[in-house]
Amino acid sequence: MQNSEISRLFDDLADLLEIDGANAFRLRAYRNAARLISDLPEPMADIVADSERSPDELSGIGKDLAKKIVTIVETGSLPQLEEMQEKIPAGVVDMLRLPGLGPKKAAVLFHDLSITNLDELKAAAEQGQIHSLKGFGKKTETSILEGLARAQESIGRVFLADAKPQADAIVDSLAKLPSVKQISTAGSLRRRRETVGDLDVLITADDSTEPMNALAEHELIEQVLARGDTKQRVRLRSGLEMDLRVVPEESYGAALQYFTGSKDHNIVIRRRAQDRGLKINEYGVYRGDESIAGRTEEDVYAAVDLPWIPPELREDRGEIERAENNALPTLIELSDIRGDLHMHTTATDGTATIAEMAAAAKARKLKYIAITDHSKRVTMAGGLDADRLRAHWKEIEKVNAATSGIEILRGIECDILEDATLDLPDDVLAEADWVIAVLHYGLKQPQAQIHERLLTAIKNPHVNIIGHPTGRLIGKRPGAEMNISEILKAAADHGVMMEINAHPSRLDLNDTSAAAAKDLKIPIVISTDAHAVTGFDVLQYGIYQARRAGLEKKDVANTRTWAQFKKLLR
DNA sequence: GCCGTTTTCGGCCCGACTGTTTTCAGTCG
């Protein structure tokens with residue numbers, strides 16, 4: 001039982017208890033425990049197995065939660081959760097994903113209208129049954145329908161960061177089988193799209209029996225949905241579905257190219273083949289009946305006179321023309337990154353101290369970090385006013401002086417307020433090493449107002465970068481309305497950098513906007529926004545997004561040393 | 001639910017906004 005799975009059970013239970021109207025502090029205890037467990041650097045199962053130790057040695061875990069954790073580790077399930085699931089249908093929990101619907105409203109819809117899933121919710125909203133409920137109105141009804149429309153687009157898609165570890169675990173175990181020669185993921189996961197609909201895995205093997213049996217029995221697999229000689233479809237415990245394809249060695253490259261996509265990219269490639277009197281399918285490249293390529297992807301691309309194209313670029317967004325002109329970028333790698341310039345500590349809503357974050361960053365071979373806690377507007381996080389910020393900076397200086405091997409910079413994540421002023425005065429911002437300006441609130445304002453806010457920040461001489469520029473949360477919230485290219489032009493004019501926030505639910509800027517920023521020669525900074533020492537782990541997903549944008553090492557400012565980086569600051 | 005303790009139960013980060021209401025509950029971060 002993984003920490004993430006234990007954490008998930010507590011989060012699920014908290015959702016259900018919330019709809020059930022449980023005490024808010026009890027919920028907090030469950031959610032704290034869930035976060036604590038998922039951030040825990042060692043497996044909870046190890047603590048349970050150790051007779052000298054118990055989960056309640058962790059602050060935030062008491063006798064009751066410790067008992068539940070032991071139950072989960074030993075039996076794989078939590079009786080209280082199952083009881084609650086009997087009481088409240090899963091579809092009611094789904095309603096919480098819609099913006100504007102929280103636990104109280106979901107409970108009213110469930111109890112008063114007997115709505116148990118999103119389909120029934122849609123029908124009720126369309127029939128106008130909702131606006132007459134107490135506490136609801138016309139606007140709520142409309143926003144429910146809008147939220148449902150958006151939720152349906154992203155249904156079944158999960159964050160790359162959730163899908164990839166599962167795919168990797170399966171690939172790793174299948175790769176160890178004696179009969180398996182080659183193995184790779186394909187599809188949107190291989191292209192590192194920010195969300196993934198299902199998993200595709202390709203193998204070459206002498207015989208499909210062993211890998212298919214092994215997959216059927218893999219601990220992550222819940223059910224085999226279909227099985228033939230060359231293709232098996234399974235459902236994972238997480239709900240994701242996966243196709244395993246067994247192909248002959250002479251077709252591996254062709255199949256990998258075919259199943260990696262994207263569809264649009266492949267259409268252009270196949271058209272090139274036609275122009276050359278060739279035919280490409282998942283088995284190979286053919287001239288008439290004769291196979292002329294297919295063993296490797298390089299061979300397939302070479303057959304249409306192209307160099308191999310990195311999967312992240314295969315979206316028919318100009319990569320084929322670039323390949324033809326030998327102008328493909330050398331994409332940035334995780335190991336190119338030298339510093340991380342966005343993170344939080346216990347001063348606001350982080351879980352680790354300055355020193356702990358610095359040590360964790362150093363262990364990841366980073367040479368510099370900026371501590372960028374929240375400004376005072378973010379009250380829930382205990383955001384810093386000028387006095388507390390200056391005291392915090394003193395503390396950072398102290399830790400920096402006492403630490404070797406990594407430079408710790410004094411930063412701030414300063415809110416751009418709804419009235420287009422900054423949350424801290426200029427004389428304070430002027431003292432910082434690094435100022436990130438961000439929108440957190442009022443994201444629904446009209447575009448003109450959003451622009452005014454962003455332009456105010458961009459024009460402020462102390463602002464170095466705009467953090468998570470759109471404020472989107474993938475699959476949940478679309479981000480503020482803006483003309484991003486206009487904002488980027490202003491940033492380019494004023495020497496303001498742009499962030500790719502690496503958090504899997506943000507990845508903001510997205511791939512296309514980051515590519516646009518590159519075209520304007522805006523230095524891009526890939527940041528983790530870490531709120532815990534484990535928060536640095538998401539850096540990889542920021543790199544994937546940057547690769548999809550075609551970014552090279554030189555396009556990303558935090559691949560430089562801090563001394564070099566400083567020269568980019570205005 | 002947890003914690004700390006004045007060892008038995010009270011306190012636990014909360015301010016702004018929205019849409020509802022006509023003084024505020026629910027949602028958000």
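To find a chain, count down the sequence lines: A is the first, B the second, and so on, and within it residues start at 1. When reading the values below, keep in mind they use all heavy atoms of this one structure, side chains included, and skip hydrogens, waters and symmetry mates. Just so it is clear, the structure is predicted and the values come from calculations on it, not from any experiment.
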**Complete:** Each nucleotide of nucleotides 18-25 of chain B classed B (base within 4.0 Å of a protein heavy atom), S (only sugar-phosphate) or -, in 5' to 3' order, makes -SS-----
**Message:** Strictly under 4.0 angstrom, non-hydrogen atoms only: write out the protein contact profile of nucleotides 5-14 of chain B, one letter per nucleotide from the 5' end, B, S or -.
**Reply:** -------BB-
Identify whether any heavy atom of [X] sits under 4.0 Å from a base atom; if not, whether one sits that close to sugar-phosphate; answer base, sugar-phosphate or nothing.
X: Lys376(A); result: nothing
X: Ile61(A); result: sugar-phosphate
X: Ser59(A); result: sugar-phosphate

**Asked** Tyr441(A) side chain N/O closer than 4.0 Å to the phosphate oxygens (OP1, OP2) of dA16(B)?
**Response** no
**Request:** Establish, with yes or no, whether the OP1 or OP2 oxygen of dG1(B) is under 4.0 angstrom from a side-chain nitrogen or oxygen of Lys68(A).
**Result:** yes
Give me the distance, rounded to whole Å, that separates [N] from [M] when you measure between the [atom1] atoms they each carry.
N: dG26(B); M: dT20(B); atom1: P; answer: 14 Å
N: dT21(B); M: dT27(B); atom1: P; answer: 14 Å
N: dG11(B); M: dC17(B); atom1: P; answer: 29 Å
N: dC13(B); M: dC3(B); atom1: C1'; answer: 15 Å
N: dT5(B); M: dG1(B); atom1: P; answer: 23 Å
N: dT6(B); M: dG10(B); atom1: P; answer: 15 Å

In whole Å, what is the span from the [atom1] atom of [X] to the [atom2] atom of [N]?
X: Arg377(A); N: dA16(B); atom1: CZ; atom2: P; result: 7 Å
X: Gln449(A); N: dC17(B); atom1: CD; atom2: P; result: 11 Å
X: Ile37(A); N: dG1(B); atom1: CD1; atom2: C1'; result: 13 Å
X: Asp56(A); N: dC3(B); atom1: CG; atom2: C1'; result: 13 Å
X: Ile69(A); N: dG1(B); atom1: CD1; atom2: P; result: 13 Å
X: Asp419(A); N: dA16(B); atom1: CG; atom2: P; result: 12 Å
X: Lys105(A); N: dG26(B); atom1: NZ; atom2: P; result: 8 Å
X: Leu417(A); N: dG15(B); atom1: CG; atom2: P; result: 16 Å

**Prompt:** Under 3.5 Å, side chain of Asp340(A) to main-chain N/O of Thr528(A), donor-acceptor pair present?
**Reply:**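 A pair under 3.5 Å: yes.
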**Asked** Does any N or O in the side chain of Gln166(A) come within less than 3.5 Å of the main-chain N or O of Asp162(A), such that one atom is a donor and the other an acceptor?
**Response**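 Indeed, once roles are kept as given, a pair shorter than 3.5 Å links the two residues.
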Ion pair [X]/[Y], N-O distance below 4.0 Å:
X: Arg97(A); Y: Asp94(A); answer: yes
X: Glu397(A); Y: Lys394(A); answer: no
X: Asp537(A); Y: Arg364(A); answer: yes

**Request:** Take atom CZ of Arg388(A) as the centre, draw a 6.0 Å sphere, and report whether it contains more than 12 heavy atoms from other residues, nucleotides or ligands.
**Result:** yes
**Message:** Looking at Glu57(A), I'd like to know if its CD atom is crowded, meaning that more than 12 non-hydrogen atoms belonging to other residues, nucleotides or ligands lie closer than 6.0 Å.
**Reply:** yes
**Message:** Nearest to the side chain of Asp64(A), heavy atoms from C-beta on, is which of dG1(B), dT27(B), dC17(B)?
**Reply:** dG1(B)
**Message:** Return whichever of Pro103(A) or Ala29(A) has its heavy-atom-nearest nucleotide of DNA chain B closer to the 5' end.
**Reply:**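 Residue closer to the 5' terminus by nearest nucleotide: Ala29(A).
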**Asked** Centre of Phe10(A)'s six-membered ring, under 6.0 Å away, within 45 degrees of the axis: is that where NZ or CZ of Lys68(A) sits?
**Response**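 No, Lys68(A) and Phe10(A) do not form such a contact.
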**Message:** With syn defined as a glycosidic angle within 90° of 0 and anti as the rest, where does dT6(B) land?
**Reply:** anti
**Request:** Among residues two or more places apart or on two chains, list those pairs meeting side chain to side chain donor-acceptor pair (under 3.5 Å) that have a residue in residues 488-500 of chain A.
**Result:** His342(A)-Glu499(A), Glu499(A)-Asn501(A)
**Request:** Tell which nucleotide pairs with dT8(B), taking only Watson-Crick or G-U wobble pairs whose two distances are both under 3.5 angstrom.
**Result:** none
**Asked** Which of parallel (below 30°), tilted (30 to 60°) and perpendicular (above 60°) describes Trp434(A) and Trp562(A)?
**Response**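 Correct class here is perpendicular.
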**Message:** Parallel, tilted or perpendicular, judged at 30° and 60°: which one describes the rings of Tyr368(A) and Phe565(A)?
**Reply:**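 Perpendicular.
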